[in-house]
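Presented below is the structure to which this report refers.
For the numbers below, each heavy atom of this structure counts, side chains included, while hydrogens, waters and symmetry mates do not.
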Amino acid sequence: KKSANVVGIDYSKAALSVVNTKEPNIDTIVYDLTKKLPFKDKHFDLIICNNVIYTIEQDIRDKMLKEYYRVLKPSGILIISNPIKSANPIKVYTVHVKEKMVESGLFTTMFEIFKIAIPIFKMFYYNLIIGSAKKKGIFAYLSKKEQEDLLISNRFRNVESWSVYA
């Protein structure tokens, strides 16, 4: 059985406390990802950056990605997940519900929706906040091409993009 040392970094202490509750073996650090990372060069085999880049001011994104590059081993992998410019959470949700109804039927689907009603509510609430910040110019989603270009301009190679939700 292989094991890994996992480090979670976020600026939100509350978010990291959720991580610590669910996964007590993960080291967590409250930290600003726009600053120099507190790790030696070529430290990580894998970096996962989930829902971060669009929240970072455009003029700071390069600096942040250069830091990712610095702490990633030469054969390391960077995985980035962000909403795309045309992201529509209601569309994603309704498509998922329709697929579930075909797969499992109306009763099972309604039961599943009821079981996860609070997380669904939170998802829509946070998407409203993100949408509001996006309209104010605080957040800026990237197209697949913009994200690829951003990575390539920061020395990442073998860049591939997939749409996992839109």
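- Taking CD1 from Ile60 and CG from Leu33, the interatomic distance works out to 11.5 Å, rounded to the nearest 0.5 Å.
- Residues Glu67 and Lys35 share a closest heavy-atom pair of CG-O, 4.1 Å.
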**OP:** Kindly determine whether Glu148 and Lys145 satisfy salt bridge (Lys or Arg N to Asp or Glu O under 4.0 Å), including the steps that lead there.
**Re:** CA-CA 5 Å; Glu148 288 172 357; Lys145 173 128 178 52; over 6 Å; no

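- Around atom CG of Asn5, no more than 12 heavy atoms belonging to other residues, nucleotides or ligands sit under 6.0 Å away.
- Of all the heavy atoms in Gln58 and Ala140, the pair that sits closest is NE2-CB, 3.3 Å.
- If you take CZ on Arg155 and CZ on Arg157, they are separated by 8.5 Å, rounding to the nearest 0.5 Å.
- Considering every non-hydrogen atom in both Glu112 and Lys100, the closest pair reads CG-CE, 4.0 Å.
- Annotation: the span from Leu16 atom CG to Lys13 atom NZ amounts to 10.0 Å, rounded to 0.5 Å.
- By the criterion of side-chain heavy atoms lying less than 4.5 angstrom apart, applied directly or through intervening Ile, Leu, Val, Met, Phe, Trp or Tyr residues, Ile80 is grouped together with Ile152 in one hydrophobic cluster.
- Atoms CG and CG, from Leu78 and Asn154 in turn, are 10.5 Å apart once rounded to the nearest 0.5 Å.
- At most 12 heavy atoms of other shown residues, nucleotides or ligands fall within 6.0 angstrom of atom CD1 in Ile77.
- Separation of atoms CD (Gln147) and OH (Tyr54) is listed at 12.0 Å; rounding is to 0.5 Å.
- Annotation: Lys66, atom NZ; neighbour count of heavy atoms from other residues, nucleotides and ligands within 6.0 Å is above 12.
- With hydrophobic clusters built from ILVMFWY side chains whose heavy atoms lie under 4.5 angstrom apart, Leu37 does not share a cluster with Leu46.
- With rounding to the nearest 0.5 angstrom, the CE atom of Met101 is 8.0 Å from the CE atom of Met110.
- Listed here is the closest heavy atom pair of Ala15 and Asp10: CB-OD2, 4.0 Å.
- Across all their heavy atoms, Ile26 and Gly8 have their closest contact at CG2-N, 3.9 Å.
- Residues Phe39 and Arg70 approach most closely at O-NH1, 2.9 Å, considering heavy atoms.
- Residue-environment remark: CD1 (Ile79) exceeds the threshold of 12 foreign heavy atoms within 6.0 Å.
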